Amino acid sequence: MPATAPDRNLAMELARVTEAAAMLAARWMGRGDKNAADQAAVDAMRYVLGTIQMDGVVVIGEGEKDEAPMLYVGEQVGNADYPKVDIAVDPIDGTRLTSLGMPNAISVVALAERGALFASPDIMYMEKIAVGPDAVDAIDLRDDVETNLVRVAKAKKKSVNDLTVVVLDRPRHEELVREIRAAGARIKMLIDGDVAGALMTTMPDTGIDVLMGIGGAPEAVITACALKCAGGEIQTRLWPRNDQERQVVIEQGIDTSRVLACSDLVRGEEAFFSATGITDGELVRGVHFHGGSATTETLVMRYRSGTIRRIQATHRFDKLRGISRFSYE
């Protein structure tokens with residue numbers, strides 16, 4: 001491991017980041033203003049990241065895809081010269097879910113060694129297939145849907161009819177949905193939030209076996225960080241969404257047939273991941289307010305140790321007032 005690589009469990013410190021972002025975002029739950037929720041989460045995340053002893057550079061940020069004003073690509077965060085790390089943020093994976101008060105909105109941060117995270121500044125979407133630890137050798141994005149599902153079912157000692165596949169509810173997935181149904185598997189449609197959807201494949205209690213479809217490239221890298229820590233796998237291919245991106249592919253000679261797996265999206269021997277629930281979901285509970293306090297649930301992971309923790313925390317607002325610039329009340 002490089003001399004400047006992390007030597008402590010930064011995931012525990014990232015938990016503070018996603019907890020703060022989730023609590024501020026949760027105040028906007030169901031209020032119908034996803035931009036206000038996202039801004040609140042960005043502000044909290046940016047502030048707490050700045051208190052961590054690290055030399056961090058945001059390589060996947062809000063401004064890259066959502067044109068948000070903060071946590072832009074290239075922004076430096078942290079208050080030390082060591083360790084030198086790359087950071088990928090998604091202050092709210094599921095802004096629409098938050099604004100509508102729907103399940104599975106989470107706040108997410110991923111972190112890895114400097115230069116370890118794949119970045120695609122010009123092509124913003126990817127084809128994806130993701131599974132948990134028991135099916136990592138069963139998927140191949142180059143094969144058809146049915147072949148992949150048959151192999152996943154065999155790896156999980158199930159029939160294809162037993163499988164549940166999560167797919168983002170988008171018009172571009174009409175053919176994919178038909179192919180999944182024709183193969184015999186069940187489908188759980190997600191309005192938003194394919195980071196949470198992919199993570200569900202690693203948690204047996206969710207009943208989710210596979211994620212398939214086309215989603216954001218930044219989210220794919222964040223997902224890869226989590227799946228690398230959890231022992232799962234994601235395979236992706238860059239997917240130009242319009243003529244402008246297709247022209248970039250031609251001009252830059254980008255190979256859109258190349259399959260990128262976890263090891264391509266997150267290189268190196270160290271990675272960290274933290275996700276805090278904003279709204280209740282299969283992955284984690286959301287923020288609950290109790291009049292003077294709030295409770296959160298956070299999933300934190302570290303690749304080097306293979307440790308996965310669930311942190312259930314109580315936050316007292318009277319104490320936070322003395323140490324935070326934000327009011328969580």
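Values below: every heavy atom of this structure, side chains too, minus hydrogens, waters and symmetry copies. Small disclaimer: the values here were computed from a predicted structure and weren't measured. By convention here, the first residue in the shown sequence is residue 1.
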What pairs meet the ring pair (Phe, Tyr, Trp, His ring centres under 6.0 Å) rule with one or both residues in residues 21-54, with sequence neighbours excluded? Tyr47-Phe326
Residue set satisfying side chain to side chain contact (heavy atoms under 4.5 Å, CB included) with Arg16, at least two apart, ordered chain then number -> Val48, Thr51, Ile52
On a heavy-atom basis, which atom in Ala217 and which in Ser120 lie closest, and how many Å separate them? CB-CB, 4.5 Å
Within a strict 4.5 Å, meaning less than it, do heavy atoms of the His173 and Asp169 side chains meet? no
Let me confirm one number: the CE-OG distance from Met23 to Ser324, rounded to the nearest 0.5 Å. 8.0 Å
Do Ile87 and Glu75 touch side chain to side chain, with heavy atoms closer than 4.5 Å? no
Strictly by modelled atom types, are Arg186 and Thr164 linked by a side-chain donor-acceptor pair under 3.5 Å? yes
So CD1 of Ile278 and CG of Asp280: to nearest 0.5 Å the spacing works out to 11.5 Å
Taking atom CZ of Arg246 as the centre, report whether more than 12 heavy atoms of other residues, nucleotides or ligands fall under 6.0 Å from it. yes
Within residues 204-248 or reaching into it, pairs that qualify as ring pair (Phe, Tyr, Trp, His ring centres under 6.0 Å) - sequence neighbours excluded: none
Residues joined to Met12 in its hydrophobic cluster, side chain to side chain under 4.5 Å directly or through other members, sorted by chain and number, are Val300, Ile311
If you look at every heavy atom in Ala185 and Val165, which pair is closest and at what distance? CB-CG2, 4.1 Å
If you measure from CG on Leu14 to CG on Leu111, what distance do you get to the nearest 0.5 Å? 5.5 Å
Partner set under side-chain hydrogen bond (donor to acceptor under 3.5 Å, both in side chains) for Asn35, not counting sequence neighbours: none
Leu49 and Leu71: CA distance, side-chain angles, deciding distance, side chain to side chain contact (heavy atoms under 4.5 Å, CB included) verdict: CA-CA 10 Å; Leu49 280 170; Leu71 286 171; 4.0 Å; yes
Test item: side-chain donor near acceptor, Gln39 and Asp43, under 3.5 Å: yes
Could you tell me whether Met54 atom CE has more than 12 heavy atoms of other residues or ligands within 6.0 Å of it? yes
Pairs where residues 189-202 contributes a residue and the test side chain to side chain donor-acceptor pair (under 3.5 Å) is met, not counting sequence neighbours: Arg96-Asp192, Lys128-Asp194, Arg170-Asp192
Would a single hydrophobic cluster contain both Val210 and Ile234, if residues Ile, Leu, Val, Met, Phe, Trp and Tyr are joined by side-chain heavy-atom contacts under 4.5 Å? no
Just to verify, what does Phe289 make a ring-ring contact (aromatic ring centres under 6.0 Å, His included) with, not counting sequence neighbours? none
Using the test ring-ring contact (aromatic ring centres under 6.0 Å, His included), find all partners of Phe317 that sit at least two apart in sequence or belong to another chain. none
Measure the spacing between CD of Glu146 and CD of Glu179 and express it to the nearest 0.5 Å. 9.5 Å
Examine distances only and state if a side-chain atom of Ser107 and a backbone atom of Pro91 form a donor-acceptor pair shorter than 3.5 Å. yes
Step by step, would you call Val177 with Met189 a side chain to side chain contact (heavy atoms under 4.5 Å, CB included)? CA-CA 10 Å; Val177 167; Met189 302 298 291; 4.3 Å; yes
What I'd like to find out is whether the side chain of Ser274 reaches to under 4.5 Å of the side chain of Val17, using heavy atoms alone. no
Tell me the closest heavy-atom pair linking Cys225 and Val266, and the distance in Å. N-CG2, 3.6 Å
Are Ile214 and Val167 co-members of a hydrophobic cluster defined by side-chain heavy atoms under 4.5 Å apart? no
With hydrophobic residues grouped by side-chain heavy-atom distances under 4.5 Å, do Tyr303 and Phe118 end up in a single group? no
Roughly how far, to the nearest 0.5 Å, is the CZ atom of Arg27 from the CD atom of Glu329? 7.5 Å
I'd like to know whether Leu141 forms a side chain to side chain contact (heavy atoms under 4.5 Å, CB included) with Glu127, so could you lay out the CA-CA distance, the side-chain angles of the two residues, the decisive distance to 0.1 Å, and finally the verdict. CA-CA 8 Å; Leu141 194 56; Glu127 297 177 72; 4.3 Å; yes
Should the pair Asp162-Lys156 be classified as a salt bridge under the 4.0 Å nitrogen-to-oxygen rule? no
Report yes if the side chains of Val131 and Arg151 come closer than 4.5 Å at any heavy-atom pair, otherwise no. no
Looking only at heavy atoms, which two atoms of Ile139 and Asn148 are closest? And how far apart? CA-OD1, 3.2 Å
Can you give me the closest heavy-atom contact between Leu190 and Val166, atom names plus distance? CD1-CB, 4.2 Å
Measuring from atom NZ of Lys158 to atom CG of Asp134, what distance do you get when rounded to the nearest 0.5 angstrom? 8.0 Å
Side-chain contact, heavy-atom cut-off 4.5 Å: Met45 with Thr18? yes
Side-chain heavy atoms under 4.5 angstrom apart, residues restricted to Ile, Leu, Val, Met, Phe, Trp, Tyr: same cluster for Ile129 and Leu238? no
Pairing residues for Lys154 by the side chain to side chain contact (heavy atoms under 4.5 Å, CB included) criterion, not counting sequence neighbours: none
Any chance the side chains of Thr276 and Thr296 put a donor and an acceptor closer than 3.5 Å? no
Ion pair Glu269/Arg304, N-O distance below 4.0 Å: no
Kindly indicate, with the supporting measurements, whether the criterion side chain to side chain contact (heavy atoms under 4.5 Å, CB included) is fulfilled by Arg142 and Arg237. CA-CA 9 Å; Arg142 295 165 295 189; Arg237 279 189 301 223; 3.9 Å; yes
Members sharing Leu199's hydrophobic cluster (side chains within less than 4.5 Å): Ile106, Val108, Val195, Met203, Ile222, Phe273, Leu283, Val284, Leu299, Met301, Ile308
Do Pro121 and Val73 have side chains that get closer than 4.5 Å, going by heavy atoms? no
Surrounding NZ of Lys188 (heavy atoms of other residues, nucleotides or ligands, distance under 6.0 Å), is the total greater than 12? no
Would you kindly confirm whether Leu168 and Leu149 end up in one hydrophobic cluster when ILVMFWY residues are joined by side chain heavy atoms under 4.5 Å apart? no
Quick one, Val57 and Arg114 - any side-chain contact, counting heavy atoms below 4.5 Å? yes
So does Gln247 have more than 12 non-hydrogen atoms from other groups sitting under 6.0 Å from CD? yes
What residues, two or more places apart in sequence or in another chain, satisfy side chain to side chain contact (heavy atoms under 4.5 Å, CB included) together with Asp137? none
Look at the side chain of Glu297 and the backbone N and O of Arg285, then say whether any donor-acceptor pair between them is shorter than 3.5 Å. yes
For Ala22 and Gly277, the nearest pair of non-hydrogen atoms, with its separation, is CB-O, 3.7 Å
Atom CD of Gln244 with >12 non-hydrogen neighbours under 6.0 angstrom: no
Can you tell if the side chain of Asp205 reaches within under 4.5 Å of the side chain of Glu282, non-hydrogen atoms only? no
Report the residues that fulfil side chain to side chain contact (heavy atoms under 4.5 Å, CB included) with Ala198, sequence neighbours left out, ordered by chain and then residue number. Ala130, Leu211, Thr223
